[in-house]
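Since the structure comes first, as C-alpha cells, the remarks are kept for the end.
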Amino acid sequence: MKQTTPFVRRGLLTTAALALALGPLAAMAQDQAPADPAVPKAALEDHQSKTGNKYEPSLDNLAQAEVAAPGAPEGVQALTEAEFNEANKIYFERCAGCHGVLRKGATGKPLTPDLTRELGFEYLQSFITYGSPAGMPNWGTSGDLSEAQVDLMAKYLLLDPAAPPEFGMKEMRESWKVLVPPDQRPTKQENDWDLENLFSVTLRDAGQIALIDGASYEIKSVIDTGYAVHISRLSASGRYLFVIGRDAKVNMIDLWMKEPATVAEIKIGAEARSIETSKMEGWEDKYAIAGAYWPPQYVIMDGETLEPLKIQSTRGMIYDEQEYHPEPRVAAILASHYRPEFIVNVKETGKILLVDYTDLQNLKTTEIEAERFLHDGGLDGTKRYFITAANARNKLVVIDTKEGKLVKIEDTGGQTPHPGRGANFIHPTLGPVWATSHLGDDSVALIGTDPEGHPDQAWKIVDSFPALGGGSLFVKTHPKSKYLYVDATLNPEAEISGSVAVFDTSAMKGDGSDPEFKTLPLAEWAGITEGQPRVVQAEFNKDGTEVWFSVWNGKDQESAIVVIDDKTLEMKHVIKDKRLVTPTGKFNVYNTKTDTY
Ligand code: DHE
C-alpha cells in the first residue's frame, strides 16, 4: 500500500470519503443527499459509541511499557520511537480490549498489517474518526482523539504490532513476597472485628481496598493493593482476603491479625481481572487461583503463601472454528462446591475449563465447548449449576458442576448480558430462577434453574422485562430478601445512572406483563452534587437485612456508599469519608465465601 497525504479531513469530508468510511449507509446517503452536506444526521448518529462499546477493557498496564518501534516496509511510513510509544499507549488503553493485544481480533475485527495495508491509510483514518454501526466507537467525531491522534493511529495500524513480554514462573517468583510467613501469623483471631459481616470495598482509582464494618459502617482499615484494583474474594474459611489489581498484582490479607495486613503478594502477569480460592470440603484455604488477560494464562498458588505452583496457558483453538487464538483472556473464575475444581472462563476461545486441583502434577482439566466471549457469571441457588454470560453473543451458558458437563446455551433476548454473579430467587409462578441484566438495553432476563421441580422451565428464558435503562452492570438479591435490585451504572442519563430499580419478586406474575419497580435515586439521597455519580453493584450484609450501593464518582470528586434497609427500602446510612476514593465493588466476607447471591 502506498501511503499518501490524507484527503479526508474532519469538517471537509467529501461524499466519496464518507462512503468509504460508512459503507452502504453512506452510499444511501449519497443517493439521497443534496450536493452538500453529504451526510444525513441519522447516518452519523449510527456511528456514535453505544454504552456497551465503551465498557471494554482498557489495558492500562500494557500501555505503560516502552516498546521498540518496528521497522516499516517499503511504502509504509515509519514512526519515531516517541510516536510509536504514544500510539501504543492509545492502542492499549482504547483499542486492545476489542481488537486484541496482538491485533488478531476479539469482539472487534482483526487489525493485522496484512489486512490494514490492504485497507489503506485513508480508510483507517475515516474508520477511526467515524466508527461503525457494528460497534466501533467514533473516536474522532466524539472528540476522544484529536485529528493528529487519529492520523497517528492510522499510521500505527499499518506497522507490525508490538508484542508485550511473556510472564512465566521466573517473573512470578521474582515478584513473589511472603511478608509474614505462616508460622509468624496468629493462631486465632486477634482483633474483635465481626469478620463475617466485614465488607472489602474496591477503591478503584486509589489502588486500595477499605475494610468496613457491616454493623457500625466504620472504616476499620484502608490497605494498599494493585493498580486500578478490581475484585476481592475470600478463602473458604473466611480468614484470608485475596485482592487483584488490573496490574495482575495479588494481595493476600490476613483478617485474623490485630491489624489486618498483606501477608503475601505476587504479580501473575501484566493485566488481570480474576481471583478465587479452593472451596471444596477438605480443600478449604489450600489453593488460590488467578486469571490473566495478558499473558493469557491462569496460575494456581499456595493458599497460605501465594507461592506460584502451576501456570497454564489458555492459548489454543476457538471452540467452534477450531482456529488458533493467540490471546484468549481469562474472565470469571469460580470454585466448585461439588468437586475439587476451579471453573475457568476462557473468553475468546469460548471454553469453560474445569480444572481439577487434587493433583497439580498430573493435572486433569475438563474442557467444555461453550460460546465465545465468556465474561462473568455465578452459581444457581443450589450451587450446582454455573450460569455465565457470553456477553458479545447475547447468550447464557449453563454448566452442571456436579457432572462436569454443558447443560444448555440460551439466548437471553437482550443485548450484552452482564450479570456479575447474578441473582437467585423463587419466582411465585415460575419457581427458582436466576437473573441477569444487560449492558446494551434495559432488559432483565430470568432463566429457570430447577430441572427437578420445574423441568418445563429449566434452562429457558422464562421471563424478560424492562428495568431503568441500558448500561446495567449488576443485579442482586439475597435468600432472605424479596427484592431484586438492578443498577444502570453506565447509562448516559445522570438521573438513571444515579438510581437503582427495585422489583418486588413476590409480586411478579410471569404472565408476560411487565412487573412494576420502584426507583431509588441513591446519588441524590447521598447528597452528592458534583460530577455524575454512578450507582454500582449492590451487596447485602451477612443477615440479608441491608443492601449497600456504591455511589461512584470521579477520582477527585466526592463518592459515597449508601446503605438501604431491605424491608422499608429507605436509606439507613450514608458512608462518606475522604478515604472513599472511587468505591465500586463491595464484597461481604460471608456472602462472598459462601457464594450467597
Ligand atoms: Fe469488572 C467482575 C472484567 C470493568 C467492577 N469484571 C468482573 C469479572 C471480569 C471482569 C472478568 C469476573 C471476575 C470473577 O468473577 O472472577 N471488568 C472486567 C473488564 O474486562 C472490564 C469490562 C474493563 C476493564 O478494563 O477492566 C471491567 N469492572 C469494571 C469496572 O469498570 C467496574 C464497574 C468498576 C471497577 O472497580 O473496576 C468493575 N467487575 C467489577 C465487580 C466485579 C467484577 C464489582 C465482581 C462482581 C461480583 O459481584 O462478584
### Message
Ring of Trp283, cation from Arg339 - is the NZ or CZ under 6.0 Å from the centre and inside 45° of the axis?
### Response
no
### Task
Output yes when Glu171 and Lys267 qualify as a salt bridge under the 4.0 Å nitrogen-oxygen rule, no when they do not.
no
### Query
Are Glu166 and Arg315 ion-paired here, with the side-chain N under 4.0 Å from a carboxylate O?
yes
### Query
Salt-bridged, Lys593 to Glu196, with N to O below 4.0 Å?
yes
### Query
Is any side-chain N of the basic residue among Asp285 and Arg239 closer than 4.0 Å to the acidic one's carboxylate O?
no
### Query
Are the side chain of Thr584 and the backbone N or O of Arg204 linked by a donor-acceptor pair below 3.5 Å?
no
### Message
Could you go through Thr412 and Glu410, starting from their C-alpha distance and side-chain angles, then the distance that decides it, and tell me whether this counts as side chain to side chain contact (heavy atoms under 4.5 Å, CB included)?
### Response
CA-CA 6 Å; Thr412 67; Glu410 186 76 354; over 6 Å; no
### Message
Is the distance between the ring centroids of His375 and His418 under 6.0 Å?
### Response
yes
## Note on the structure
Tightest non-hydrogen contact, residues Ile266 and Ser175, listed as CG1-OG, 3.6 Å
### Task
Give a yes-or-no answer on whether the side chains of Asp224 and Gln208 include a donor-acceptor pair shorter than 3.5 Å.
yes
### Message
Rounded to the nearest 0.5 Å, what separates atom CG in Leu255 from atom OG in Ser235?
### Response
8.0 Å
### Minimal non-hydrogen separation, Ala292 against Pro295, with atom names
CB-O, 3.2 Å
### Query
How far does CE of Met153 sit from CD1 of Ile128, to the nearest 0.5 angstrom?
6.5 Å
### Message
Could you tell me if the side chain of Thr262 sits less than 4.5 Å from the side chain of Ile223, heavy atoms only?
### Response
yes
### Task
May I ask you to decide if Phe540's main-chain N or O and Asn591's side chain share a donor-acceptor pair within less than 3.5 Å?
yes
### Donor-acceptor under 3.5 Å (Asp376 side chain, Gly420 main chain)
yes
### Query
Would you say Lys586's side chain and Gln537's backbone share a donor-acceptor pair under 3.5 angstrom?
yes
### Message
Is a donor from one side chain sitting under 3.5 angstrom from an acceptor on the other, for Asn251 and Thr225?
### Response
no
### Query
Are Phe425 and Trp434 close enough that their ring centers fall under 6.0 Å?
no
#### Entry: From CA spacing to verdict: side chain to side chain contact (heavy atoms under 4.5 Å, CB included), Val229, Arg246
CA-CA 6 Å; Val229 52; Arg246 282 180 170 74; over 6 Å; no
### Message
On a heavy-atom basis, which atom in Pro417 and which in Thr436 lie closest, and how many Å separate them?
### Response
CB-OG1, 4.0 Å
### Query
Is a side-chain donor or acceptor of Thr449 paired with a backbone partner of Pro432 at a separation under 3.5 angstrom?
yes
#### Entry: Where Trp256 and Asp254 come nearest, the two heavy atoms and their spacing
N-OD1, 3.0 Å
### Test: Glu265 and Lys249 ion pair at under 4.0 Å
yes
### Task
Return yes if some donor-acceptor pair links the side-chain N/O of Asp487 with the main-chain N/O of Ser472 below 3.5 Å, else return no.
no
### Query
Going by an N to O cut-off under 4.0 Å, is there a salt bridge joining Arg372 and Glu348?
no
### Message
Between Tyr287 and Asp302, does the side chain to side chain donor-acceptor pair (under 3.5 Å) criterion hold? Intermediate values first, please.
### Response
CA-CA 5 Å; Tyr287 293 123; Asp302 182 85; over 6 Å; no
### Neighbour count >12 (heavy atoms, 6.0 Å) for atom NZ, Lys286
no
### Task
Is it possible for you to check whether Arg233 lies under 6.0 Å from the centre of the six-membered ring of Phe242, through NZ or CZ, and within 45° of that ring's axis?
no
### Query
Less than 4.0 Å between a side-chain N and a carboxylate O, is that true for Glu271 and Arg273?
yes
### Message
So, taking the atom named CG in Leu309 and the one named CE in Met301, what distance separates them when rounded to the nearest 0.5 Å?
### Response
9.0 Å
### Distance-only polar pair, side chains of Asn391 and Thr416, donor-acceptor under 3.5 Å
no
#### Entry: Side-chain donor-acceptor pair present, Tyr597, Asp595, cut-off under 3.5 Å
yes
### Query
Would you say the side-chain atoms of Asn345 pair up with the backbone N or O of Ile352, donor to acceptor, closer than 3.5 Å?
no
### Query
Does a sphere of radius 6.0 Å around NZ in Lys109 hold more than 12 heavy atoms from other residues, nucleotides or ligands, not counting ones at 6.0 Å or beyond?
no
### Message
I'd like to know if the side chain of Gln297 and the backbone of Gln312 have a donor-acceptor N/O pair within less than 3.5 Å.
### Response
no
### Task
For side chain to side chain contact (heavy atoms under 4.5 Å, CB included), just list the numbers for Val330 and Tyr293, CA-CA rounded to whole Å, side-chain angles, deciding distance to a tenth of an Å, and then say yes or no.
CA-CA 6 Å; Val330 176; Tyr293 273 11; 5.7 Å; no
### Task
May I ask you to check whether Phe199 and Phe587 place their ring centers less than 6.0 Å from one another?
no
### Task
Nearest 0.5 Å please: distance from the NE2 atom of His478 over to the CG atom of Asn424.
11.5 Å
### Closest contact, heavy atoms only, Met508 versus Leu484
CE-CD2, 4.4 Å
### Query
By ring pair (Phe, Tyr, Trp, His ring centres under 6.0 Å), which residues pair with His99, not counting sequence neighbours?
none
### Task
Report yes or no: does Trp294 contribute a side-chain atom to a donor-acceptor pair with the main-chain N or O of Pro165 at less than 3.5 Å?
yes
### Task
Quick one: do Tyr298 and Leu353 satisfy side chain to side chain contact (heavy atoms under 4.5 Å, CB included)? Show the steps, please.
CA-CA 11 Å; Tyr298 62 86; Leu353 308 179; 3.8 Å; yes
### Message
Using side-chain heavy atoms (C-beta onward) and a distance below 4.5 Å, is Thr401 in contact with Tyr385?
### Response
no
### Message
Tell me the closest heavy-atom pair linking Gly448 and Val433, and the distance in Å.
### Response
CA-CG1, 4.2 Å
### Message
Within 45 degrees of the ring normal and closer than 6.0 Å to the centroid, is that where the cationic atom of Lys351 sits relative to Tyr319?
### Response
no
### Query
Between Thr277 (side chain) and Leu234 (backbone), is there a donor-acceptor pair under 3.5 Å?
yes
### Query
How far does CD of Glu369 sit from OG1 of Thr349, to the nearest 0.5 angstrom?
10.5 Å
### Query
Would Arg103 count as a cation-pi partner of Phe92, with NZ or CZ less than 6.0 Å from the six-membered ring centre and within 45° of the ring normal?
no
### Message
Between Arg173 and Glu307 (salt bridge meaning N to carboxylate O under 4.0 Å), is one present in this structure?
### Response
yes
### Query
Going through the distances and angles, do Arg421 and Asp380 end up as a salt bridge (Lys or Arg N to Asp or Glu O under 4.0 Å)?
CA-CA 9 Å; Arg421 290 297 204 214; Asp380 77 305; over 6 Å; no
### Separation between CD1 of Ile399 and CD1 of Ile343, rounded to the nearest 0.5 Å
8.5 Å
### Message
For a 4.5 angstrom cut-off between non-hydrogen side-chain atoms, does Thr596 reach Pro479?
### Response
yes
### Query
Any ring pair (Phe, Tyr, Trp, His ring centres under 6.0 Å) pairs touching residues 326-347, not counting sequence neighbours?
Phe342-Tyr357
